[in-house]
Novice: 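Below: one structure in structure tokens.
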Amino acid sequence: MKKTVLLGLAALLLTACGPIRPDDATATPPAPLPSASSASSAGTVQQLAARLAAAWPGSAAEQVWRSGYYPLDPRQEWLPADAFHDEGDKLGYLGGQLDLTAAVPPAPADTEVVWRDGGRLTLPLLPPEQVFRQLVDGRSCPDQRCRRLRVTEVRAGTRPVATSRGRAAVPVWEFTVAGYTEPFAYPAVAPQQPSPPGGAVPDELRARSVGPASVSPDGLTVTGSLPQGGCDRVTGAEAYETDRVVVLIGHLLPPAAEACAAVLRFSPVTVRLARPLGDRVVLDLGTGLPQLPPDQQ
């Protein structure tokens, strides 16, 4: 089951709403924290979760999640089934050793993302030249096995993408590379994912966000994974819940020894909710942005 982390955040400001009403949350929400960085001195991890949950309703992030283009699939390329023919091609591709020898088709200023339910959203189109530059700029390949690849055709296409609003047909640019029968494809629109209102959870709280992986048929039990250091020990997990938001929290016990291997690992955890998850959004404890819904992984 795929664990997905939302990446490539665009620059939108998240607007905050008022504090959560006590009847909205399963735990009585304390006063919001002044900032995520001061959480260790100002309160508990529950307060941090409450602040993020309070900021969600009516925010720019929620507006994009409900009605914008918020891809859940972080993929930035669709490679042909036979990629790559050999190590030289692979190294050359990863090292940006591409030559654009094809004529570039004219590109309009805007394009559309189309959802299965018929919904449509007009967004700026990324020109094919810009997409190509992203594949080559700042890359190099010092390995002598690197082989240069020629792009012999550029054309418009679409690919299915999982989004917060369901599956959508997203515009892409398809680059035909000499020697390959299927094209290499890249998104022709940028996500509308907003900037995160939060940040890293302070170490003093000894807590991390649980990444949801599956939910029980009754919607009451969420199974996920908890990132931890090599010597950390998981001591439990809980949820902060409102009528619109769930924040999954895993608790860690710090290592007893001073020295510990710098290894990141993931432990499975199970969180019991007070009521079924339903269509509530699962927010990341650190960033305050939505995590991938368990039923869309």
Side-chain angles (χ1 to χ4, degrees), residues 4-6 9-10 12-33 35-36 39 43-72 115 117 119 121 162-166 191-199 201 207-224 237-250 269-297:
T4 306
V5 177
L6 296 176
L9 301 174
L12 288 176
L13 295 176
L14 185 71
T15 57
C17 292
I20 302 174
R21 301 186 305 274
D23 59 350
D24 284 344
T26 58
T28 302
L33 299 181
S35 68
T44 68
V45 68
Q46 281 278 332
Q47 288 178 299
L48 175 57
R51 181 180 66 84
L52 297 174
W56 174 256
S59 66
E62 186 189 32
Q63 293 172 25
V64 172
W65 180 264
R66 302 295 183 193
S67 60
Y69 172 49
Y70 197 124
L72 301 176
W115 278 266
D117 63 3
L121 180 65
T163 79
S164 59
R165 297 169 54 183
Q192 291 183 294
Q193 294 165 327
S195 298
V201 181
R208 293 293 182 269
S209 188
V210 175
S214 64
V215 62
S216 61
D218 62 5
L220 290 172
T221 302
V222 179
T223 301
E238 62 178 325
Y240 183 90
E241 304 182 50
T242 74
D243 61 343
R244 301 168 75 171
V245 166
V246 173
V247 183
L248 303 177
I249 305 165
V269 295
T270 299
V271 182
R272 184 72 175 176
L273 304 180
R275 60 183 185 272
L277 178 62
D279 62 355
R280 290 184 292 171
V281 176
V282 180
L283 296 182
D284 185 279
L285 177 64
T287 66
L289 290 175
Q291 300 195 76
L292 178 64
D295 61 350
Q296 297 195 37
Q297 298 193 49

Novice: Check whether any side-chain N or O of Arg165 sits under 3.5 Å from a backbone N or O of Ser67 as a donor-acceptor pair, and report yes or no.
Specialist: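 Checking the backbone N and O of Ser67 against the side chain of Arg165, a donor-acceptor pair under 3.5 Å is found.
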Novice: On a heavy-atom basis, which atom in Leu52 and which in Pro197 lie closest, and how many Å separate them?
Specialist: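 Where Leu52 meets Pro197 most closely, the heavy atoms are CD2-CG, 4.5 Å.
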Novice: State the CH2-OG1 distance between Trp56 and Thr242, to the nearest 0.5 angstrom.
Specialist: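 Rounded to the nearest 0.5 Å, the CH2-OG1 separation comes out at 11.0 Å.
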Novice: With no hydrogens and no angle check, is any side-chain donor or acceptor of Gln192 less than 3.5 Å from a backbone partner on Tyr69?
Specialist: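 Present.
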Novice: Nearest 0.5 Å please: distance from the CD atom of Glu62 over to the OH atom of Tyr70.
Specialist: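 With rounding to 0.5 Å, CD (Glu62) is 12.0 Å from OH (Tyr70).
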Novice: Taking all heavy atoms of Val201 and all of Ala207, pick out the closest pair and write down the distance.
Specialist: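 Taking Val201 first and Ala207 second, the nearest heavy atoms are CG1-O, 3.5 Å.
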Novice: Could you go step by step and tell me if Val282 and Leu277 meet the side chain to side chain contact (heavy atoms under 4.5 Å, CB included) rule?
Specialist: CA-CA 9 Å; Val282 180; Leu277 178 62; 3.9 Å; yes
Novice: Atom CG in Leu72, atom CH2 in Trp65: separation rounded to 0.5 Å?
Specialist: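 That separation rounds to 5.0 Å.
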Novice: What pair of heavy atoms forms the shortest contact from Val245 to Ala53, and how long is it?
Specialist: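 Distance-wise, the nearest heavy atoms are CG1-CB, 3.9 Å.
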Novice: Taking atom CD of Gln291 and atom CG of Leu285, what is their separation to the nearest 0.5 Å?
Specialist: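 Going from the CD atom of Gln291 to the CG atom of Leu285 covers 9.0 Å.
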Novice: Say whether, by atom type as modelled, one donor and one acceptor occur between the side chain of Glu238 and the main chain of Val271 under 3.5 angstrom.
Specialist: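 No, because the side chain of Glu238 does not come within donor-acceptor range (under 3.5 Å) of the backbone of Val271.
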Novice: Say whether, by atom type as modelled, one donor and one acceptor occur between the side chain of Arg244 and the main chain of Val281 under 3.5 angstrom.
Specialist: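 No; judged by distance alone, with no hydrogens or angles, the pair does not exist.
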Novice: Can you tell me how far the CG atom of Leu248 sits from the CD atom of Glu241, to the nearest 0.5 Å?
Specialist: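 Between atom CG of Leu248 and atom CD of Glu241 there are 8.5 Å.
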Novice: Does Thr223 have any side-chain contact (heavy atoms from CB on, under 4.5 Å) partners at least two apart in sequence or in another chain, and if so, which?
Specialist: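 Thr223: side-chain contact (heavy atoms from CB on, under 4.5 Å) contacts with Ser214, Thr270.
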Novice: Using only atom types and a distance under 3.5 Å, with no angle test, would you say the side chain of Ser209 pairs donor to acceptor with the backbone of Asp284?
Specialist: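 It does not hold such a pair.
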Novice: Would you please name every residue forming a side-chain contact (heavy atoms from CB on, under 4.5 Å) with Asp218, sequence neighbours left out?
Specialist: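 Partners of Asp218 under the side-chain contact (heavy atoms from CB on, under 4.5 Å) test: Ser216, Leu220, Arg272.
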Novice: Strictly by modelled atom types, are Thr163 and Trp115 linked by a side-chain donor-acceptor pair under 3.5 Å?
Specialist: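 Their side chains do contain a donor-acceptor pair, which is all the 3.5 Å distance test asks for.
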Novice: Decide side chain to side chain contact (heavy atoms under 4.5 Å, CB included) for Leu283 and Val246; before the verdict, give the C-alpha distance in whole Å, the side-chain angles of both, and the deciding distance to 0.1 Å.
Specialist: CA-CA 6 Å; Leu283 296 182; Val246 173; over 6 Å; no
Novice: Rounded at 0.5 Å granularity, tell me how far CG in Leu48 sits from OH in Tyr240.
Specialist: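 Spacing of CG (Leu48) from OH (Tyr240) equals 11.0 Å.
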Novice: Determine the minimum heavy-atom distance between Leu289 and Pro194, stating which atoms define it.
Specialist: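 Taking Leu289 first and Pro194 second, the nearest heavy atoms are CD1-O, 3.6 Å.
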Novice: With distance as the sole test, does Gln193 use its side chain to make a donor-acceptor pair with the main-chain N or O of Pro71 at under 3.5 Å?
Specialist: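 Pair found, side chain donor or acceptor close to backbone of Pro71.
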